[in-house]
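Below is one structure, written out as structure tokens; comments come after it.
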Amino acid sequence: MAKPKQAGPVTPRPGVPNDDVSFDGLAPGVCRIATSAGVALLAVSVGLGATEGDGFRRFLHSYLVAFMYVLSLGLGALWWVTLQHLVGARWSVVVRRIGELLASSMPALAVLSLPIIASVLLESDRLFPWVDPSFMQSQSALAAKRPYLNPGFFVARWAIYFSFWTALGYWLLRCSLAQDATGGTGPLDGARKVSPLAMIGFAITATCASVDYIMTLDPTWYSTVFGVYYFAGCVIAIHSAMVLIVVFLQHRGRLTRSVTPHHFHDLGKMMFAFTVFWAYIAFSQLLLVWYANLPEETVWYRVRSQGSWFFVAVVLVIGHFGLPFFGLLSRHAKRHRASLSFWAGWLLVLHFVDLYFLIMPTFYPGGVSWRVPDLTTWLGLLALFVADVARRARGRNLVPSRDPRLAESLAFENS
Amino acid sequence: MTVHDEPPPRIVAPSAPVLHGLLAEYDDAATLLAAARRVREAGLERWDTFTPFPVHGIDQAMGIRSTVLPWLVFAAGVTGCLVGLLLQYWTNAVDYAWIVSGKPFWSLPANVPIAFALAVLSSALTAFFGMLVLNNLPHPWHPIDLEKRFARSTIDRFFLLIEAADPRFDSVQTRAILDETGPVLVDVVHEDTASPFRTPRAVIHGLVVLLVAALVPFGLLAQARATKSRTPPIHLVRDMDAQPTVKAQQAFPRFADGRGARPAVGGTVAREDQLDEHLTRGTIRGAASRVFPPTVAADRANMGAGRRAFDTYCVPCHGYVGNGDGMVAQRAEALAQGIWVPPTNLNQDHLRRQPVGQLFLSVSDGIRTMPAYGPLVPIEDRWRIIMYVRALQRRSSATIADVPAAERKALE
């Protein structure tokens, strides 16, 4: 289906009074800067990775953290858009298109995941020790996991995840864009009908993906709440990212009238709620392991509570929960762009620290082993992700301008 | 001096009506919002609006300041959290220090759920009751309830009431202000002088009865604490407290001989009924043995194992050096319930002189209130426990001469 391209000067649309909802003017600049920054940072990371002389082992560790970070943004957006359709949300119509553009980044993320898949296909244990068959035979507990933990099924699952996420992301975007052309609620019926099943599919695939890419780094350790833990991070990240994106767009004169403090207030509430949720889940995992005191479970926390990793754990407790909890508690903090975008940026950085803490101690149990590529790979993948989203935003409205509920969303009051 | 026989009249006769305020009625929210702005600009303070549904922007139009309630809720949440932590610190680490699953007395992870729950509970209660108090609720009656038309404030009409108690209220000027705002109608509301402002006698009697009834449980509690009873406590959840079991060495009338503990059926060979009478029963030709069985040698390994077993099974009652002052005994003494038989002091002279075989039999079969440890502790470990008890007994009367020469130097 050919989509009508928006071109030329912005014409006032019904429901969007005197607001600039086009990304066209910004897209080339954002794409150029983000692409060149991403390529340059990745080149630096690869170059520094080569100097380590370990067959890119260290680079792959940094890359896994960075990839799980951008994946959490894509998954968070996918969940968020599905949720809006599932509950028929009206407040969020003005920011839904941004979520849809983020959620349709799955093909790019699939490409970015190739180094990880390659490490498994090349039967390298640089990331996952279970790739080595002799390791899997070394313990009976591991041998029992072989039907799940083997390269063939791992790649098959990867294909299932990314096909499902790609299809869902594109379907949601397509329904919404069709509405831009025709108006009315009809085009969104498809998204609405698919959302309940999509939510179940999302829960299963996102849980399995977090288990596959993070938990199996230590194939003997397991936590049944791990998928929820990663999901909590995804939700914090996507709301924070949307706040920063809207603030950036408003700074450049877009959406200045469409998105009001009432919408920021709701985004802030979700950031606050899921900050608490993250702490709740993280603590649930800790409490059960701590109480039961079983060696095969405590080893994960033993590594993370010793030496410099303990310092990172304290940073997470305070920075990922304590400070944002009190910082976002007041309604004023959630309604003012300066304070809200500060906490959004803060949480996005701490989300990186969280993933670093989930992944890296398994490779470096002795303590934090910081390298420049940890940072450059993260920023590089983030820049490429931004470039991909900006490329897709070109020629499209930043709000679903013909959604019948748009007027309601514009007039939304959040007292 | 005259005596007034008649009581003073309680009900004010419906005489001259007292003005309560002016009630304006509007047929849409926008007019009401404009009217609220107008009234606010006029500087009036004691007035309110009534709408059938929440009207966005009415707070700003009326100039309602944000309330102090969020701060109260915050303070209550912090207080609840701290109280939860203090409660657990005091009960677990101070008042009843008891090791549970090898964790420290006061372990923060275990305390978080309760601190969290108390923080949520106290902030929720504060939010609910704080809202009621700050809104002057409950408020069962109000003069405008007498206005028939006011019922429509819950259906389709919007009302604005200015009280006559407002310092700037002026029946002519205020009415003029209201007339300008485009109301459907402006009406005068009078104080409710007709209804008897007296609580009916039946309600008062009912409240008194309820109050007295509410004291009964406290009276029963006080009585239960001050008196003693031989009947067991009421168990609402019977659970594991009331199992149909016979405790060690108790009578049980269902059996013909009245013994709860059943003797072995004739001809039974118990697990430990081996050929070695010395090892299994502690006797040599029927008499209690004064020596340890040859298979349990007096060496450092056996003494260490004896100490570990003693520390596991015996210390809770007998204490670390066997003086009968273990934690269970201390707790029972502290409770002072009067039914406690203190554990034996193992360092008494008659126990010192008792043959090891006799001590072994007491441990294996139980004695007085002590249950049998035969089924629980392996046979060699029981002998090792006796060996360690002998060492403790020796220790309690030791002199400097008992210390080996080499270590004596170190002590001096």
Side-chain angles (χ1 to χ4, degrees), chain A residues 90-91 225 260-263 265-266 268-269 272-273 275-295 297-298 300-302 304-305 310 313-314 316-318 321-322 325-336 407-415, chain B residues 29-30 33 36 49 51 53-82 84-85 88 92 98-124 126-127 131:
Chain A
R90 286 167 296 189
W91 72 271
V225 83
T260 64
H262 301 288
H263 302 111
H265 192 180
D266 264 5
K269 283 181 197 168
F272 175 76
T275 302
V276 179
F277 182 74
W278 174 87
Y280 188 90
I281 294 303
F283 179 74
S284 306
Q285 182 176 287
L286 168 73
L287 184 69
L288 296 193
V289 171
W290 177 83
Y291 250 132
N293 209 7
L294 301 174
E297 292 179 357
T298 47
W300 198 82
Y301 281 106
R302 183 180 162 78
R304 282 161 181 77
S305 58
F310 179 72
V314 171
L316 278 178
V317 171
I318 297 171
F321 171 65
F325 177 85
F326 290 104
L328 285 167
L329 193 54
S330 153
R331 76 196 287 269
H332 303 291
K334 290 181 284 236
R335 291 172 81 93
H336 286 100
E408 227 176 320
S409 178
L410 287 167
F412 173 65
E413 291 226 26
N414 202 345
S415 50
Chain B
L33 280 171
T49 54
T51 60
F53 52 81
V55 172
H56 284 307
I58 193 80
D59 307 40
Q60 290 92 324
M62 291 178 65
I64 293 175
R65 286 187 302 271
S66 56
T67 89
V68 73
L69 190 59
W71 290 104
L72 296 180
V73 174
F74 180 72
V78 172
T79 311
C81 181
L82 292 179
L85 288 177
Q88 293 173 92
N92 290 335
W98 195 260
I99 293 177
V100 178
S101 2
K103 307 286 194 251
F105 286 131
W106 193 57
S107 336
L108 198 56
N111 295 359
V112 166
I114 295 194
F116 172 74
L118 272 181
V120 171
L121 177 73
S122 45
S123 22
T126 308
M131 183 276 291

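Chain A is the first sequence line, chain B the second, and so forth, proteins listed ahead of strands; every chain is numbered from 1.
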Exercise. Are B/Phe116 and A/Tyr280 close enough that some pair of their side-chain heavy atoms sits under 4.5 Å apart?
Worked result: yes

Exercise. Take atom CZ in A/Phe325; do more than 12 heavy atoms of anything else shown fall under 6.0 Å from it?
Worked result: yes

For this session: Name the region of B/Pro70, side chain, backbone, both or neither, that has any atom closer than 4.5 Å to a heavy atom of chain A.
Result: neither

Exercise. What residues form a side-chain contact (heavy atoms from CB on, under 4.5 Å) with B/Ala119, not counting sequence neighbours?
Worked result: B/Cys81

Seminar exercise, completed: Value for OG (A/Ser330) from CH2 (B/Trp71), rounded to nearest 0.5 Å, stands at 7.0 Å

Exercise. Got more than 12 heavy atoms from elsewhere within 6.0 Å of CG, B/Leu72?
Worked result: yes

For this session: Determine which residues belonging to residues 286-294 of chain A lie within contact range of chain B, meaning some heavy atom pair is under 4.5 Å apart, and list them by number or answer 'none'.
Result: A/Leu287, A/Trp290, A/Tyr291, A/Asn293

Exercise. Heavy-atom distance under 4.5 Å to chain B: side chain of A/Phe326, backbone, both or neither?
Worked result: side chain

